[in-house]
Amino acid sequence: MTSTPSAPPVITRFAPSPTGHLHIGGARTALFCWAYARRHNGAFLLRIEDTDQKRSSEAASRGILEDLAWLGIDWDEGPVFKRENADGTTTTLGGNPRSVGSFYQSDRRDIYDSYVDWLVERDLAYPAFDTPEALAAMRQLAEKEKRTFVYRRAADYNRDAALARMRSGEPCPIRFKMPATPIDFRDEVLGDITVSNDELDDFVIRKADGFPTYHFAVVIDDELMGTTHIMRGQEHLNNTPRHVALMRALVNQTTNRTFRIPKFAHLTVIANQDNSKMSKRDRDKAARAKCRELNIKTADDVRARANARPLPRFDALSPADFEQWLGDKARQLETHALEDLASVIGVELPEIAVDDFRRSGYLPDAVLNYIALLGWNPGEKGPDGKDLERFDTGYLVEKFAFDRVGKSASKFDRAKLIAFNQDAIAQLSDEEFLTRWAAWARRDDVETLERLGIERLKLVAGAIKGRCRTLKDVRPLVSFAMVDDDAYAFNPKDVEKHLKADDGAGLATLRALAPKLQALPAFDVASIDALLDAHATDTGLGMGKVAQPLRVAVTGAAVSPPLGATLAILGRDGTLARIRRCLDTVTRA
RNA sequence: GGCCCCGUCGUCUAGCCUGGUCCAGGACACCACCCUUUCACGGUGGACACGCGGGUUCGAAUCCCGCCGGGGUCACCA
């Protein structure tokens, strides 16, 4: 063993490249790595693979840390992050207890360089000077001949000359000399895999810009950080033989032992319903398609549709940028600008990144539960005799093992996630529900939070909780209370049916009810319900004939949360003002 | 196209390793009915799958072979 005697028995790692928010597929990988480490009292480590200077950003790194922390996937080693917990305490995630950091690959270039040098000295790796054009030509030729393109060091390669060029400072990539033997390895979920060496090329381990490639950095770091189990997406399956070849060639410079081969487990891809890969660009794609459908060609077309509604983030965009975006599939709009646009044109943007789900009002528990089931199944029955599907991370940790990880790709079913989320919300206590909603609304629905206030919401938490599929649903549920008492519109059909019909029976009920509501000692859900109930019984009208007219009177429509809650959130004054206004308007009409 | 992986209801899956208990079970979605002051919740019921073709066997979703289908990958991106 290379690591200190106190090294944990199992070390897993999640190693994202910071090019944007954490993808939902990445979240599942992280979850499984985390669960496996916890299951075996091991350590879960987070490493940021920022070797691509052009695409990596610090903001993205921070975003990924936040996403993971929000999900509740804690890392033991890695970048330090202070998470604010719901109860006001702070938890510090990450750290460097075994002195194996830094956890940013861009900080570790000296380490990679020394291993590259070691390989080059032994002619196990070599500098290459092919032009991009020459490489492209070789690829084309291979394609024409219908074979895999495999880069090999040319027969007339002059090592001394190449080394001299490299030492003179000419920028060049370093390639690993692939041994001429087939590579085999075991995958914990897929089984034994063998790859013929004519499929394996002399791949680049250090780019001309001096940064290591993914393949190299990952191998060095997993050895130096003591990774025992590598779990990652199946798109890496074809890279694994390269990594194994590297591991077999390398020697740990501190222990003088050859690299250990960790266990591998490749997780299947998560796809959209139409089998396309879930991609961050899907959101832009959805919006772009809708624009085409609505024949929107310029930013002005969008503003015209917005009817003077302010769209701060969208307006921050230059019209030229927008038009370019419309015509260029490769372009992505800034998150909030895209959401502004979506609200105007009426598309639902598919959630792809963890942060999308957060902003759409999903609970981390529900997201975790759902993605755990994508490719893993406990294979157990619950007390009701049905397959066990709903569980928390504690259960996952207790049960997670590779033998129940699926081999076939799965499609992401948003409807099922919503069902999980709806249940998760319904199971929250009223206080917890409000706490969670308020935390969410502070970032994502400030208007509702401010307009209604948490105190008024407290009155109706119980009534709306069970009606929310996501936290976002609170708003439409209470939107009737967000307009002034004289500003909501009456739905003509509902007015006809519940108020005017039967010679204005509904209106008569309102006139009878108003003084009773006025006189009610306490204007809370229970008292209101009791009053309505008594009125329905005493008059012999039945609840339907009492509740519906009232509902239409105070909200303008025949659909709202239960009446007690509806009236309570409006308050006594609001309720009476609305009944008065209804009586005035509708009677006159 | 080469290579690698995969193939049970629309979707996620249980069952497959250790053939019979599977005319294939659950969940989500869907449909119907019930409950009901609207919406929602809940309850009951329904429709829906072993990709195809050959073997092996008394017997195959389960084992073998072929075909077909899907995905991944073929970068100085990870």
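Heavy atoms only: backbone and side chains are in, while hydrogens, waters and symmetry mates are out. Each chain gets a letter, A, B and so on, in the order its sequence line appears, and its residues count up from 1.
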Legend entry - Distance flag, aromatic centroids of A:Y214 and A:H236, threshold under 6.0 Å: yes
Inset, instruction - For B:A29 and B:U37, measure between their P atoms and round to the nearest Å. - result: 25 Å
Inset, instruction - Between A:I193 and A:V559, just flag the one whose closest nucleotide in RNA chain B comes earlier from the 5' side. - result: A:I193
Inset, instruction - Determine, stepwise, if the pair A:R47 / A:M225 fulfils side-chain contact (heavy atoms from CB on, under 4.5 Å). - result: CA-CA 10 Å; A:R47 183 173 69 221; A:M225 295 178 182; 3.6 Å; yes
Inset, instruction - Write down the distance separating the C1' atoms in B:C52 and B:C33, rounded off to the nearest Å. - result: 40 Å
Legend entry - Gap in Å between the two C1' atoms, one belonging to B:A40 and one to B:A47, rounded: 25 Å
Report each atom pair, protein N/O against N/O of nucleotides 74-78 of chain B, whose distance is under 3.5 angstrom.
residue	atom	partner	partner atom	Å
B:A75	OP2	A:R139	NE	2.7
B:C76	OP1	A:R139	NH2	3.1
B:C76	OP2	A:R175	NH2	3.3
B:C76	O2	A:A208	N	2.7
B:C77	OP2	A:K207	NZ	3.2
B:C77	O2'	A:D52	OD2	3.0
B:C77	O2'	A:R55	NH2	3.3
B:C77	O2	A:R55	NH2	3.2
B:A78	OP1	A:T51	OG1	2.8
B:A78	OP1	A:K207	NZ	2.4
B:A78	OP2	A:Y214	N	3.2
B:A78	O3'	A:E49	OE1	3.1
B:A78	O2'	A:S17	OG	3.1
B:A78	N6	A:N239	OD1	3.1

Inset, instruction - Give A:S408 one of three labels, base, sugar-phosphate or nothing, depending on what nucleic acid heavy atoms sit under 4.0 Å from its own. - result: sugar-phosphate
Legend entry - B:U44 versus B:C22 - spacing of their P atoms, nearest Å: 22 Å
Inset, instruction - If the plane angle is over 60° it's perpendicular, under 30° parallel, otherwise tilted; pick one for A:F357 and A:F412. - result: tilted
Legend entry - Identified side chain to side chain donor-acceptor pair (under 3.5 Å) partner of A:S106 from the options A:T51, A:D50, A:D52: A:D50
Inset, instruction - Map A:D274 and A:K411 onto RNA chain B by nearest heavy atom, then report which one ends up closer to the 5' terminus. - result: A:K411
Inset, instruction - Identify the heavy atoms of A:R13 and A:D222 that sit nearest to each other, and give their distance. - result: NH1-OD2, 2.5 Å
Inset, instruction - Applying side-chain contact (heavy atoms from CB on, under 4.5 Å), run through A:D184 and A:D192 and close with a yes or a no. - result: CA-CA 7 Å; A:D184 58 318; A:D192 292 321; over 6 Å; no
Protein and nucleotides 19-26 of chain B: nitrogen or oxygen contacts under 3.5 angstrom:
residue	atom	partner	partner atom	Å
B:G25	N2	A:D387	OD2	2.2
B:G26	O2'	A:D387	N	3.4
B:G26	N2	A:E389	OE2	3.1

Legend entry - Donor-acceptor under 3.5 Å (A:S527 side chain, A:F523 main chain): no
Inset, instruction - Verify the distance criterion only: is there a donor paired with an acceptor across the side chains of A:Y151 and A:D130 at less than 3.5 Å? - result: yes
Inset, instruction - Assign A:E143 to base, sugar-phosphate, or nothing according to its heavy-atom contacts below 4.0 angstrom with the strands shown. - result: nothing
Inset, instruction - Could you measure between the two P atoms, the one in B:G72 and the one in B:C30, and give it in whole Å? - result: 29 Å
Inset, instruction - Under 4.0 Å between any heavy atoms, over every strand shown, what does A:G466 touch: base, sugar-phosphate, or nothing? Just pick one. - result: sugar-phosphate
Inset, instruction - Quote, to the nearest angstrom, the P distance that separates B:A49 from B:A61. - result: 15 Å
Inset, instruction - Look at all strands and tell whether A:A558 reaches a base, only sugar-phosphate, or nothing, counting heavy atoms closer than 4.0 Å. - result: base
Inset, instruction - Tell me whether the OP1 or OP2 atom of B:U13 has a side-chain N or O from A:S410 closer than 4.0 Å. - result: yes
Inset, instruction - Report the relative orientation of the aromatic rings in A:W376 and A:F391; use parallel for angles under 30°, tilted for 30 to 60°, perpendicular for over 60°. - result: perpendicular
Legend entry - Between B:C63 and B:G7 - P atom distance, rounded Å: 11 Å
Legend entry - P spacing across the pair B:G19 / B:C34, given as an integer number of angstrom: 49 Å
Legend entry - Minimum-distance nucleotide (side-chain atoms of A:D413 versus B:G72, B:A40, B:U11): B:U11
Inset, instruction - Mind telling me whether A:F185 and A:H266 have parallel, tilted or perpendicular rings, with 30° and 60° as the class edges? - result: perpendicular
